[in-house]
Amino acid sequence: MHSFVRPNTHIALRLPSGILKVIEVKPNTSINLGKYGTFPACLLFGRPYYLTFEVLDKDDGRSSTELRVVPASELHAEALGEEHVASESRDEPGEGGGAEFDIVGEDGAVIMRSNRLTIDDPSRQKLSMEEIEELKKAGTGSGKDIIAKIMASHQAIDEKTSFSLAKYTLRKARKYLKRFTVLPLDVGTLTEYVTEKEAYKVLEVREESLGLISSWANVHHGGASRYLTAQDEISQIGGGRWLVVDDTGGLIVAAMAEKMGILYPTEEGDEESEEEDAVTESFAEAQLGRSISRDREGSKEVSLNGTAGETTATRDIDTAMPDASSEPTNGTPTTSTPAPNPATPSTTSNGPSKSRKHHQHTSQMTARTNTLTVLHPNSQPNLAFLKYFSFDSGAPAPSHPLYHHLRSLSWLSLISPHEDPAYDEPELLSEEALAGLKSSKRGNYYKKRRRWEKTSMVVDETGRGGFDGLVVASTMEPASVLKHLVPLVRGGGRVVVYSNSVEPLVELCDFYSKERRTAWVARQYETELRKPNGKVKKEMKEDDEDKEEKVNGELDGDDDADFPVNPTLLLAPSLQTARARHWQVLPGRTHPLMTSRGGAEGYLFTGTRVLPVEGKVEARGTFRGKKRKTVTEDAVQT
Amino acid sequence: MAPHPSPFLDPGTCAANDTLGIIQLRRDHLIPAVLSSTTDSDYAEGKVENTRFGSFPHSTLINQPWGTQILASAVDTGSRGQKGKKRKREKDDEGDATPGQDAEESRRDLAKAVTASSGFAHLIPPTPETWTLSLPHRTQVVYTPDYSYILQRLRVRPGDHIIEAGAGSGSFTHAAVRSVFNGYSREQAAQPPQQIEDGDEARIGITMKTRKRLGHVYSFEFHKPRAEQLKAELEEHGLGALVTVTNRDVYHDGFCVPAGEDGKLAPDADVIFLDLPSPWLALKKLTRSLPSQAVLKAVSSSDPSTPSADTSATTPQLPAADEPFRSPLNPKGAIRICTFSPCIEQVTKTVSAMRSLGWLEIDMVEIMAKRLEVRRERIGLQEEGLRGANPSPASVHEAVQRLRDVEGRAHVFHSLQKEKQEVIMRRAEAKKRGEKVAPLKEELGDGKQKVNFEALPPSKHDRLERAKKDLEKREIFKEGRLVHRTESEIKTHTSYLVFAVLPREWSKEEEEKARKKWS
């Protein structure tokens with residue numbers, strides 16, 4: 001992954017000013033970096049990431065624009081050089097201490113000056129603005145000459161302390177050096193890019209929050225996980241499935257998908273092959289994982305409920321794929337067939353395309369393990385940021401792993417599926433009737449059937465619950481989201497809610513507070529006593545992720561105000577935040593950065609879904625003070 | 001051993017026998033337990049976890065769905081000690097002479113656990129987070145805020161190979177396995193690999209291709225008992241096939257290990273995490289090609305203070321001369337590294353070594369994490385005498401009202417006193433005059449006084465009584481102001497994290513090839 005720059009992918013360029021520029025590199029185009037120069041995109045193809053290039057163009061006497069790789073030693077030259085100086089001056093501990101003395105080396109040469117004599121006056125730079133502009137136009141030697149000339153014509157350059165000289169040089173370098181660094185556009189780089197420009201679009205989520213979210217939600221590759229049936233024979237458990245509510249335009253989904261190994265389209269030449277353009281792997285690696293999981297003894301594998309028509313075809317893929325990819329010859333560099341055109345990623349996976357030939361359409365969202373299920377408030381999910389990872393949620397390419405592993409459904413389909421027209425089964429036509437239809441109508445018919453199959457499968461499976469975790473990063477009221485989604489999380493599953501401000505989460509913590517839980521349990525107990533066969537049984541059933549109950553039997557209205565969520569379903573609700581502080585590390589000048597981005601800190605609510613015991617539970621334990629008391633539901637502290 | 005999926009990666013529906021389960025008592029009080037249905041225990045119920053929230057026999061945990069609230073059982077913890085000791089002594093005395101008796105004992109049925117009247121816990125599946133909170137500490141632990149950021153910044157993804165040096169207590173190891181895991185290889189599933197001993201690199205060369213690059217953690221630990229314990233733990237957690245634990249001094253002997261089952265060169269690392277006292281010494285072993293003497297000198301000269309540095313800088317060069325150089329790094333991609341050091345001096349040395357060795361994108365950060373506690377702050381006079389609240393006045397109005405009450409009572413009391421005084425005076429005067437005096441009681445005990453008392457503001461005693469009585473009707477869970485604050489104990493410094501990237505090596509020939517191919 002990300003071993004070299006490929007055509008038609010998004011990459012990030014870091015300019016000398018520190019600004020990130022995200023571009024899609026297309027063949028036969030040129031990349032314009034403004035004052036830092038212009039060069040043809042093909043000069044980047046096949047080159048590794050993280051290299052820094054210098055633009056050498058016609059001004060430097062070349063016939064065509066070229067890129068020069070700036071070696072690491074050159075990039076670090078300044079820091080390493082200073083280090084030498086710093087280590088020398090370290091030998092004389094008396095000097096450079098608290099007082100502002102000039103530091104003089106053994107041979108009498110001044111190594112470090114104090115800023116006692118510094119004069120703050122722009123006129124000390126002899127070059128005028130116009131002259132500098134002239135120099136830029138003449139443009140010799142990738143900016144280095146300009147910097148050298150500017151430095152040379154600064155009247156008081158030798159009055160500067162070495163620190164201020166370094167700063168001055170750096171400032172000039174940022175302005176004039178025609179350099180850039182090529183970075184892979186992964187979740188980390190994208191986060192940096194987006195938070196610099198339009199942080200509000202991603203709820204100001206920082207990298208540290210993304211890390212915490214993935215860790216606390218226990219997000220990992222679940223391709224090998226078993227997809228099991230719970231004891232009630234209805235609910236599903238596990239399978240590496242996570243539920244997401246994402247109002248960050250898909251950034252949270254991308255971060256989770258990265259951790260699950262389904263974000264990046266498998267690129268040829270990444271892994272085994274020596275030849276860069278050999279095909280190695282099909283997109284269907286998860287299917288392989290699934291076939292392994294099927295082999296596992298003791299797992300009650302639920303087979304896909306084939307409904308009609310196309311679903312059978314889907315099943316064909318599902319069973320055919322692992323066979324195809326487990327052929328020992330497939331993927332070895334010697335026997336692999338070169339891709340017809342490496343520039344078009346959609347045609348690269350030719351293994352599966354062969355098996356796909358006899359049915360033109362590959363159903364979307366068919367993967368059953370290692371999946372992300374996105375709940376969205378509008379009829380379509382907003383996953384705009386996934387475009388940087390070659391996934392267009394409007395018209396997804398079947399070769400992208402998210403095509404199979406990303407599922408989406410609207411809140412309407414979850415809460416009341418029968419109001420969603422896509423959930424109503426379109427009329428099933430017989431073979432003869434179909435044969436009589438016009439081809440366009442037949443196509444339409446199949447399209448409708450497929451849409452219905454997709455929707456009903458996703459809605460039904462989501463309703464069966466048992467998700468391994470729930471991640472919420474939404475502008476919606478957290479309690480309203482958790483009320484509906486926590487019951488869909490498996491016992492022991494993780495619930496994580498991100499918010500850019502702390503107040504909604506403080507409120508949420510309060511809804512799961514120890515006191516509220518105690519009150520809830522007491523109330524349940526009372527009602528149970530009053531009518532032994534009534535309401536309580538019903539509500540308890542809801543805890544058991546019974547889908548029917550969930551849809552129809554919502555909590556009674558009078559409980560809603562005091563108990564917007566069932567407080568007994570989450571264990572150890574906690575609130576946390578983390579912030580990275582960046583440092584400058586230079587010999588003798590190590591300190592935290594003077595400025596950094598403010599704004600939202602980013603807070604995280606975490607909890608574990610549990611299955612409470614029915615009836616009254618007495619807690620035990622020692623409490624503060626001498627009295628030993630028995631209090632209901634007090635042992636697990638919030 | 002059956003290809004048991006690790007409970008960390010796929011816990012299944014229920015807590016199975018012989019797998020790790022976590023018993024959560026409080027938020028930060030978790031007990032890890034390998035659940036076992038053996039009868040080989042001193043308790044009648046088999047294996048039991050005793051906590052201050054009750055006793056939990058394993059038989060009440062096994063085959064329970066994860067997340068279940070488990071009620072404590074009444075376990076006889078008193079008589080077991082003596083009986084156990086006695087039995088042990090017997091065994092010691094008779095040696096191996098009584099296998100039949102032992103077998104008989106283990107065949108006996110477990111006593112059915114009786115639910116206790118109080119106490120409960122929750123049974124949850126293990127995750128790196130819960131394990132980090134509950135693991136047996138051997139060294140300083142890398143906590144969740146740090147490792148989550150590290151794994152995020154290092155872009156650790158399924159299928160990556162990660163080197164971890166200074167495995168320590170294994171918290172990072174577990175988190176790293178979760179990040180790189182993308183399936184078990186068939187061989188791994190079939191047989192757990194043996195502990196790799198240093199030096200048998202002869203097995204390299206079995207070339208067998210697998211399609212998918214499987215994620216793997218290469219863990220190095222200098223301290224032998226710690227390495228062995230980690231190894232045992234990972235085996236117990238079903239992660240043994242995904243982690244190679246090597247007991248080695250990486251400063252001297254580097255990071256190359258014998259090839260794995262797939263016959264490929266190992267570690268072939270993409271990501272490196274160094275939690276070592278002197279990361280710059282390990283950095284010399286993490287190069288793409290044999291570093292030049294000048295560079296090595298630069299790296300070791302950056303560390304004049306540590307005497308061990310000089311010796312290690314010279315000695316490893318000798319064996320390197322007769323052995324062909326092998327890089328532990330993946331030649332195909334950029335290598336991401338993170339070093340974890342508590343002191344700023346370590347950072348300075350590490351960063352300068354990185355600069356000498358050609359690492360780029362060097363960045364140092366410090367993670368400041370805190371947990372917040374949320375509570376309802378109840379302030380007001382109605383809280384007088386109640387626990388967990390502040391009984392001072394909630395507002396100026398309340399304060400004034402209270403002062404009025406106090407003054408009112410004082411006034412009544414004083415006028416009462418005055419009256420009493422006057423009565424006494426009058427009686428005294430009357431006595432003096434020789435008049436007959438009625439008993440005192442009558443005069444004070446008349447109805448007028450009583451009415452006066454009822455109209456009085458309540459006494460402290462009355463107020464306390466009333467507060468207690470009101471409490472039963474109040475809904476405390478939604479009273480008071482909702483506040484949040486940093487928890488009482490915070491970690492203000494864990495370590496400095498230095499991140500860097502080593503790009504893929506790029507030669508003139510490769511540049512030429514790329515130029516020809518793409519233009």
Side-chain angles (χ1 to χ4, degrees), chain A residues 3 42 45-51 72 76 79-80 83 186 188 207-208 210-212 215 218 220-221 224-225 228 230 237 261 271 281 285 289 331-332 491-492 506 509-510 515-516 519 571-572 575-576 578-583 585 608-613 617-618 620-621 630 635-637, chain B residues 10 13 26-27 52-54 65-69 117-120 122 124-125 127 129 144-145 148-149 152 155 157-158 178 181-183 209 211-213 332-334 344 347-348 351-352 355 358 360 364-372 374 476-477 482 484 501 503-504 506 514 517-519:
Chain A
S3 54
C42 65
F45 296 152
R47 271 62 159 197
Y49 282 105
Y50 293 105
L51 290 185
H76 290 315
L80 286 170
E83 201 163 296
D186 47 29
E207 215 172 357
E208 40 277 44
L210 286 181
L212 280 176
S215 280
N218 196 21
H220 58 86
H221 176 86
S225 295
L228 304 167
I237 294 274
E271 323 219 311
E281 214 190 323
E285 52 159 287
T332 55
V506 167
C509 275
D510 184 55
E515 289 80 15
R516 211 174 281 260
L571 176 67
L575 190 50
Q576 60 180 316
R579 180 85 188 253
R581 184 182 208 186
H582 292 256
W583 286 59
V585 183
T608 307
R609 165 81 157 96
V610 288
L611 317 169
V613 173
V617 178
E618 294 279 317
R620 193 196 301 185
T630 314
V636 177
Q637 302 278 310
Chain B
D10 179 17
T13 55
R26 284 159 167 261
R27 190 172 68 186
R52 65 186 174 119
F53 298 107
W66 291 113
T68 307
Q69 188 177 27
S117 60
S118 70
F120 65 85
H122 286 91
I124 57 168
T127 63
E129 288 69 42
T144 306
S148 68
Y149 183 73
Q152 180 72 32
R155 286 109 163 107
R157 304 169 184 128
R178 174 177 66 187
F181 172 74
N182 65 341
K209 294 282 180 186
R211 278 164 313 294
K212 193 163 72 171
R213 190 167 188 251
K332 287 283 169 67
I344 200 82
V347 169
T348 319
V351 169
S352 76
R355 289 196 178 116
L360 299 172
M364 194 266 262
V365 304
E366 183 188 9
I367 292 289
M368 284 176 282
K370 56 189 180 189
R371 290 201 307 194
L372 304 175
V374 174
I476 286 200
F477 63 86
L482 194 54
H484 69 97
V501 172
R504 189 175 165 169
W506 197 240
K517 189 172 162 201
W518 299 101
S519 51

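Lettering follows sequence order; numbering is per chain, from 1. The figures here come from the full heavy-atom set of this structure, side chains too, leaving out hydrogens, waters and symmetry mates.
Per-residue heavy-atom pair counts under 4.5 Å with chain A were compared for B:Ile476, B:Leu360, B:Ile124, and the maximum is reached by B:Leu360. With chain B as the partner, the residue from A:Ala519, A:Pro48, A:Ala72, A:Ala578 showing the most heavy-atom pairs under 4.5 Å is A:Pro48. Heavy-atom pairs under 4.5 Å with chain A were tallied for B:Gly119, B:Ala369, B:Pro65, B:Gly54; the largest tally goes to B:Gly119.
At a 4.5 Å heavy-atom cutoff, the contact between B:Ile344 and chain A is made by side-chain atoms alone.
A salt bridge between A:Glu208 and A:Arg581 is absent, with no side-chain N of the basic residue lying under 4.0 Å from a carboxylate O of the acidic one.
Residues forming a ring-ring contact (aromatic ring centres under 6.0 Å, His included) with A:Phe45 (at least two apart in sequence, or on another chain): B:Trp518. The side chain to side chain contact (heavy atoms under 4.5 Å, CB included) test applied to B:Thr127 returns A:Asn218, A:Arg494, B:Glu129, B:Thr130, not counting sequence neighbours.
With hydrogens and angles ignored, the 3.5 Å screen pairs a side-chain donor or acceptor of B:Arg178 with a backbone N or O of A:Ser215.
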